[in-house]
Amino acid sequence: MSQSPLFSSGSELGNLAVTSGVLSDSWDVISALYREMNNAPSSDFLVRFKIDKRPNCNIIAFVTWPPCTKEHLQAVGAADFVSSSALKHTLPLFEFLCSKTNPCFSINKLAVECFKSLRGVLPFLRSEISDSKPLIITGHGLGGSVASLFTLWLLSEINLSKTKRPICVTFGSPLIGDEDLKEAILQYSVWNSCFLHVVSAQDPLPRVLTSTHNPPSTESASRTNEYKPFGTFMLCSELGFTCFEDPEFILEFLKATYSEVSPHFLVDYKPVVEQLQLKVICKDTSLLDVSISQPLRAGITVQVLATGLGQQQPRQNIDIKALISKAVRREFTLMIQKTQVFDPSKELNDMKINMAQLEWYKKTSKDSGIGYYDSYKNQSFTSDQDVEKYKKTLTWYWEKLVDEVDKKPQKEGASFRTRWLFGGTNYRRMIEPLEIAAFYRDGHTGYLEGRPKHYKLLDQWLLNDDGRPASNANINSKKKNVEANLTEDSCFWAHVEEARISCKLMLIRNSESSIVDLEGPHKSNLIAFEGYVLGLLRNYAVSPEIFLTKSSFMGWWKEYKEIIAKGIMGTFYSSPLTELMKTRRYSHYATGSLEFPEICMQ
């Protein structure tokens, strides 16, 4: 059985591009654009584009005039980077690629200048794109760099759930960004697959900026002063083509095949494309040494030889075996890493089962008159041990998921948050109270000061998603379902515990001294807590379980009544919440019939 091509999704994209005519159609539009530019004066690089609307697709092509050559890229300053932080002021179109873990990246300065010249026509180009037809964005040489930047900008502008994903096909284009740009694009799992870079074995242009003899300027703010590839690279020769997706191997291959004495003429990709249409990706082992027996090494060897490396290139001193061995090690490492990738979708059903178990625990605790928060805090039942297992599993899952989302670039992170926010909110409201119960059970205080990061982020994302106050219609809906509602503020019980601590400290201080500090911090904390609880009750944003006889909240009320009775809060102290509790009107809350007359605080 033949070995599947290395990085098979890239090979599938390459096969599709050849058999569907995407490559030939793209080069036809580029050729037509060059013919239109043939009589244009030669000066600084002039960027031109052409829109070709076809029955089955739209094609936008970019070229520069004069065409970029190897000598242009070897000129002083041509390999310089410009950082995204500098672009904030002159070309703020790529900020969406920044993330917390990757706040800055760098792009080739020459490519940026060319793209910047199109800024005024970007709205026009966007208006010419149909959401219903496939879009091919293409370019040759430095025009391919412009096509890549245009595609990145466009991906930030369109809604991929409603618009067909564009494909960017470049021919003989130089690398355009550093390690950080590569990482930023790789964080968009779908976006990286939009790029197909066609590279001829005879074309020096895509290889020039990989050469260590011509390092980029120190102006770059990147982690490394080196250009790095992204997307799929289709490496072509007379033997066929091979597609690679792994950036490290692509860079290694481009470096290995760079030659100082490579041709200075522009490579015409028309015969390259025509030849590809007569070939299929090499899948047999006719080029292999019969001594090769390992399937992985055999498959990689086939692909490397299919690029023409080692065939009719006597001027190059390349250790092909070393290159293949390095690719084998790299692929094996990637295969191991792939098995360790966190995929939240695959584990979602297990998490739903764990949540269902906790829902059942919540119900049985309520039936016992204590509520699941206090049941877990007091370790009242043997089932509390099972809850610990469910809590740990769910917390591991959501900590990992929130961390992954928080690292994503702005736009993809926002989309991901929206998709998972409902589940994350239910998790937070169910599990964080258990976290708080364990925290105070162990004798700690001040939970809010060290609140775990993933809870804070889930809370913030919900606020950003819908920070509007509850409407009357929303409150009416809550009244009907109040028995089933989880407390909206997952830190409610932390506030209860801190209020109980304030009560105990005030009672201790009162017993130790005849002089009571009525204006102390504990008094103001308790008054603030009253307002906080009343606000939740008015909005039906708290579970009626807080009124169960054995709950910590009712424990607070018992202690607070004693403080009020001793006059510690002031003579004849009364408030809306204390009146509601004293008259036991809270018993109407569980049925959604509790009313809140306006009573002034005294």
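One-based numbering along the sequence shown. All figures in this text were calculated on a predicted structure; none of them were measured in a lab.
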TODO: Could you tell me whether E157 and R126 make a salt bridge, using a distance below 4.0 angstrom between a side-chain N and a carboxylate O?
DONE: no
- [ ] Could you tell me which non-hydrogen atom of V146 sits nearest to which non-hydrogen atom of F115, and how far apart they are?
- [x] O-CD1, 4.1 Å
Open item on the list: I want to know whether Y372 and W493 have ring centres closer than 6.0 Å.
Closed with: no
Task: Ion pair E435/R451, N-O distance below 4.0 Å - done: no
Open item on the list: For a quick test of reading the model, state the closest non-hydrogen atom pair linking I107 to L181 and the distance between them.
Closed with: CG1-CD2, 4.3 Å
Open item on the list: Using every non-hydrogen atom in the two residues, find where I158 and P166 come nearest and quote the distance to one decimal.
Closed with: CD1-CD, 3.9 Å
- [ ] Tell me whether the centres of the aromatic rings in Y560 and F529 are closer together than 6.0 Å.
- [x] no
- [ ] Measure from the side-chain N and O atoms of N108 to the backbone N and O of A111, and report whether any donor-acceptor pair falls under 3.5 Å.
- [x] yes
- [ ] Would you name the heavy atoms of I60 and F150 that are closest together and state the gap between them?
- [x] CD1-CE2, 4.2 Å
Task: Closest heavy-atom pair and its distance - P544, V482 - done: CD-O, 3.3 Å
TODO: Measure from the side-chain N and O atoms of S543 to the backbone N and O of T487, and report whether any donor-acceptor pair falls under 3.5 Å.
DONE: no
Task: I546 backbone acceptor or donor facing S551 side chain under 3.5 Å - done: yes
- [ ] Please name the pair of heavy atoms, one in A499 and one in L526, separated by the smallest distance, quoted to 0.1 Å.
- [x] O-CD2, 3.5 Å
Open item on the list: Counting only heavy atoms from other residues, nucleotides and ligands, does the tally under 6.0 Å from NZ of K116 exceed 12?
Closed with: yes
Task: Check: Y376 main-chain N/O paired with Q379 side-chain donor or acceptor under 3.5 Å - done: yes
Open item on the list: Is it the case that the side chain of N354 and the backbone of L394 share a donor-acceptor pair, with hydrogens and angles ignored and the cut-off at 3.5 Å?
Closed with: no
Task: Side-chain donor or acceptor of S575 paired with backbone N/O of T578 under 3.5 Å - done: yes
TODO: List the steps and the verdict of salt bridge (charged side-chain N to carboxylate O under 4.0 Å, His left out) for R429 and D489.
DONE: CA-CA 7 Å; R429 291 174 178 172; D489 182 2; over 6 Å; no
Task: Steps toward ring-ring contact (aromatic ring centres under 6.0 Å, His included) verdict (Y447, Y455) - done: CA-CA 12 Å; Y447 172 84; Y455 290 129; 7.4 Å; no
TODO: Walk me through it: do M554 and K550 pass the test side-chain contact (heavy atoms from CB on, under 4.5 Å)?
DONE: CA-CA 7 Å; M554 294 305 286; K550 301 176 185 178; over 6 Å; no
TODO: Using side chain to side chain donor-acceptor pair (under 3.5 Å) as the criterion, list what pairs up with E399, not counting sequence neighbours.
DONE: none
TODO: Spell out, as yes or no, whether a donor-acceptor pair under 3.5 Å connects the side chain of S365 to the backbone of Y361.
DONE: yes
- [ ] Would you confirm whether Y373, through its side chain, and S552, through its main-chain N or O, come within 3.5 Å as a donor-acceptor pair?
- [x] no
Task: Non-neighbouring partners of F195 that pass ring pair (Phe, Tyr, Trp, His ring centres under 6.0 Å), sequence neighbours left out - done: F230
Open item on the list: Going by side chain to side chain donor-acceptor pair (under 3.5 Å), name the residues that satisfy it together with N378, two or more places apart in sequence or in a different chain.
Closed with: none
Open item on the list: Let's go through E179 and E226 carefully: what are the C-alpha distance in whole Å and the side-chain angles of both, what is the deciding distance for side-chain contact (heavy atoms from CB on, under 4.5 Å) to 0.1 Å, and is it a yes or a no?
Closed with: CA-CA 7 Å; E179 171 81 14; E226 188 173 32; over 6 Å; no
Task: Neighbour count above 12 (heavy atom, 6.0 Å) for K133 NZ - done: yes
TODO: Show your reasoning for whether side-chain contact (heavy atoms from CB on, under 4.5 Å) applies to T393 and D350.
DONE: CA-CA 9 Å; T393 301; D350 290 340; over 6 Å; no
Open item on the list: Checking F547 now: which residues fulfil ring pair (Phe, Tyr, Trp, His ring centres under 6.0 Å) with it, not counting sequence neighbours?
Closed with: F553, Y586, Y589
Open item on the list: Keeping D178 on the side-chain end and S106 on the backbone end, is there a donor-acceptor pair under 3.5 Å?
Closed with: yes
Open item on the list: Is a donor from one side chain sitting under 3.5 angstrom from an acceptor on the other, for S490 and R428?
Closed with: yes
Open item on the list: Name the residue from E498, E497, K377 that meets the side-chain hydrogen bond (donor to acceptor under 3.5 Å, both in side chains) definition with Y440.
Closed with: E498
Task: Set of residues satisfying side chain to side chain donor-acceptor pair (under 3.5 Å) with respect to N485, sequence neighbours excluded - done: none
Task: By side chain to side chain contact (heavy atoms under 4.5 Å, CB included) - contacts of Q357 (at least two apart) - done: Y390
Task: Short side-chain to backbone donor-acceptor contact, S84 and F105, under 3.5 Å - done: yes
Open item on the list: Taking E545 first and then K362, would you say they form a salt bridge - that is, a charged N and a carboxylate O separated by under 4.0 Å?
Closed with: yes
Task: Full working for ring-ring contact (aromatic ring centres under 6.0 Å, His included) between Y532 and H495 - done: CA-CA 9 Å; Y532 163 73; H495 292 290; 4.4 Å; yes
Task: Derivation of the side-chain contact (heavy atoms from CB on, under 4.5 Å) call for K561 and W556 - done: CA-CA 9 Å; K561 275 196 303 182; W556 164 80; over 6 Å; no
- [ ] Answer whether the closest heavy-atom distance between the side chains of L155 and F96 falls below 4.5 Å.
- [x] no
Open item on the list: A quick test of your reading: do over 12 heavy atoms of other residues, nucleotides or ligands sit less than 6.0 Å from NZ of K558?
Closed with: no
